[in-house]
Every structure is written in C-alpha cells, then in structure tokens.
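Following: one structure in structure tokens, then a few remarks.
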Amino acid sequence: MAFSADELRVLRRALANALHPTPLPEEDVQDCLRLAGTVDEVASEAGRLRAFLLADLARYRDALPGSLNGYLELLQDALAAGYDPRPDDLAALRALRAGPVAAALLERCQVLAERSVRARLSGRAVYAVTPAPRSRLLALPGGLSAAKEPERPRTPSRPPAPARPAAPGERPMPKPSEVFPPRRPAPAPPPPPEERAVS
C-alpha cells in the first residue's frame with residue numbers, strides 16, 4: 001500500500017498524537033477520518049481483487065488443457081502472493097507435468113501443500129489468502145470537542161516555488177508525450193490490383 005505525501009503527513013500527525021496525546025484541531029480529526037476511510041476502502045478493494053483472481057484461477061483450471069499458459073502464470077502469481085494450493089491445483093499439475101514449467105510448479109505446490117497440512121495437524125495457524133475483516137477505525141474522544149481551545153490564526157501558505165530553469169549544459173526533463181509518443185494508426189493496405197478481363 002502506498003501513501004501520498006499528504007496522507008503521510010496525516011499519518012505522522014496521528015502517530016505523534018498517539019504518542020503524546022493533545023487535543024487535535026477539527027481539521028486534523030477530519031483528515032484522520034478521511035485517511036482511515038481510504039485505508040478501509042483499499043483493504044476491501046484488495047479483498048475483492050484477491051477473490052476475483054482466485055475465481056479467475058479456478059476458471060483457467062477448469063478450462064485446461066486449452067488454457068495451460070494462462071493457468072500456469074496465474075498460479076505462479078497466486079503462489080507468490082501466498083496462495084495455498086488446493087487439491088484441484090495439484091491434480092491439474094499432475095496431469096500437465098510433462099511440461100517443464102508445470103513440473104517445477106508441481107514440486108513447489110507439493111512442498112507448500114505438505115507444509116500447510118503439517119501446520120494444520122500440529123495446530124499452528126495457517127496463513128489464509130484473504131485477510132480477516134477488520135473493524136472500522138473509530139475516532140477517540142478528543143480534539144476540539146473535548147477542550148474548546150480558541151482558534152489559532154492560520155499562517156498563509158507560501159506560494160509554490162517556480163520551477164528552476166535548466167542549467168545551460170543540462171537537458172530539460174522530457175514531457176510524457178515526448179517519451180511515449182501517441183500511437184499512429186497503421187497505414188491502410190494498398191488496394192488490390194485491378195484485374196482486366198481478356199476478351
């Protein structure tokens with residue numbers, strides 16, 4: 001999960017307040033609530049994406065052997081993300097083990113499945129692919145509602161500094177359109193040569 005610079009500032013202020021509790025201005029409280037909502041939205045979106053990818057993996061597995069390459073790629077991606085191979089995956093890979101990629105994946109999946117079974121039998125927790133649902137983040141009492149402090153005058157923010165001009169020997173930063181030029185449509189094929197009827 002990546003945070004923007006503004007979100008990092010909000011997170012830093014919230015952590016500083018957690019370490020040294022003081023009443024927060026209403027604006028900071030609202031920023032924290034917005035950040036908590038964004039984090040919740042990202043977590044639920046990650047769960048939906050994970051469910052979609054697992055369903056996609058099952059569709060590719062059901063369409064084997066015609067979807068061999070796509071299935072192997074999806075399975076490799078799922079394993080890298082912590083997917084625990086199912087018996088259906090092992091059966092499919094056993095049927096496809098003639099190929100070198102499928103054989104290597106079968107060995108890897110067998111090791112992971114064996115490790116998972118041993119962990120379940122010993123009573124240890126097995127890491128699931130989907131995270132447990134997290135309760136919503138709630139704001140704790142505090143801020144301006146707890147201690148009505150007088151409003152502090154806000155200092156006007158400085159205007160952004162103008163971009164520095166390029167030095168004489170330095171190349172300017174290219175624009176995205178210069179780095180990635182727009183695609184040009186493919187030229188139309190030449191018309192077929194005219195056939196003349198001989199009489």
*asked:* If we count only N and O atoms by modelled type, under 3.5 Å, do the side chains of R120 and S116 hold a donor and an acceptor together?
replied: yes

- Query: How far apart are the C-alpha atoms of V101 and L96, what are their side-chain angles, what is the distance that settles it, and do they pass the side chain to side chain contact (heavy atoms under 4.5 Å, CB included) test?
  - Reply: CA-CA 9 Å; V101 176; L96 302 169; over 6 Å; no

Shared ILVMFWY cluster between L8 and L15, side chains joined below 4.5 angstrom?
-> yes

side-chain contact (heavy atoms from CB on, under 4.5 Å) filter on L90, not counting sequence neighbours, yields R94, L106, C109, Q110, A113

Applying side-chain contact (heavy atoms from CB on, under 4.5 Å) to C32 and not counting sequence neighbours gives V10, A14

Quick note, salt bridge (charged side-chain N to carboxylate O under 4.0 Å, His left out) partners involving residues 96-109, not counting sequence neighbours, are none

**Validation row: Y83, L75 side chains within 4.5 angstrom (heavy atoms)** = yes

Those residues at least two apart in sequence (or on a different chain) that pass side-chain hydrogen bond (donor to acceptor under 3.5 Å, both in side chains) with E41 are none

d(L72 CG, D77 CG) to nearest 0.5 Å is 11.0 Å

Residues at least two apart in sequence or cross-chain that pass side-chain hydrogen bond (donor to acceptor under 3.5 Å, both in side chains) with D62, listed by chain then number, are none

Contacts of R9 meeting side-chain hydrogen bond (donor to acceptor under 3.5 Å, both in side chains) (sequence neighbours excluded), chain-then-number -> D6

Without placing hydrogens or testing angles, list every side-chain donor-acceptor pair under 3.5 Å for residues 64-71, not counting sequence neighbours.
{"from": "S67", "atom 1": "OG", "to": "Y60", "atom 2": "O", "distance (Å)": "2.6"}
{"from": "Y71", "atom 1": "OH", "to": "D89", "atom 2": "OD1", "distance (Å)": "2.8"}

Hits for side-chain contact (heavy atoms from CB on, under 4.5 Å) against E73, two or more places apart or cross-chain, chain-then-number order -> none

Hits for salt bridge (charged side-chain N to carboxylate O under 4.0 Å, His left out) against D56, two or more places apart or cross-chain, chain-then-number order -> R59

CG of N17 to OG1 of T22, rounded to nearest 0.5 Å, is 4.5 Å

When rounded to the nearest 0.5 Å, the distance separating CD of E7 from OG1 of T38 is 5.5 Å

Sorted by chain and residue number, the side-chain contact (heavy atoms from CB on, under 4.5 Å) partners of D28 (sequence neighbours excluded) come out as R13, L24, P25, D31

Nearest heavy-atom contact between L79 and P85 is CD2-CD, 4.0 Å

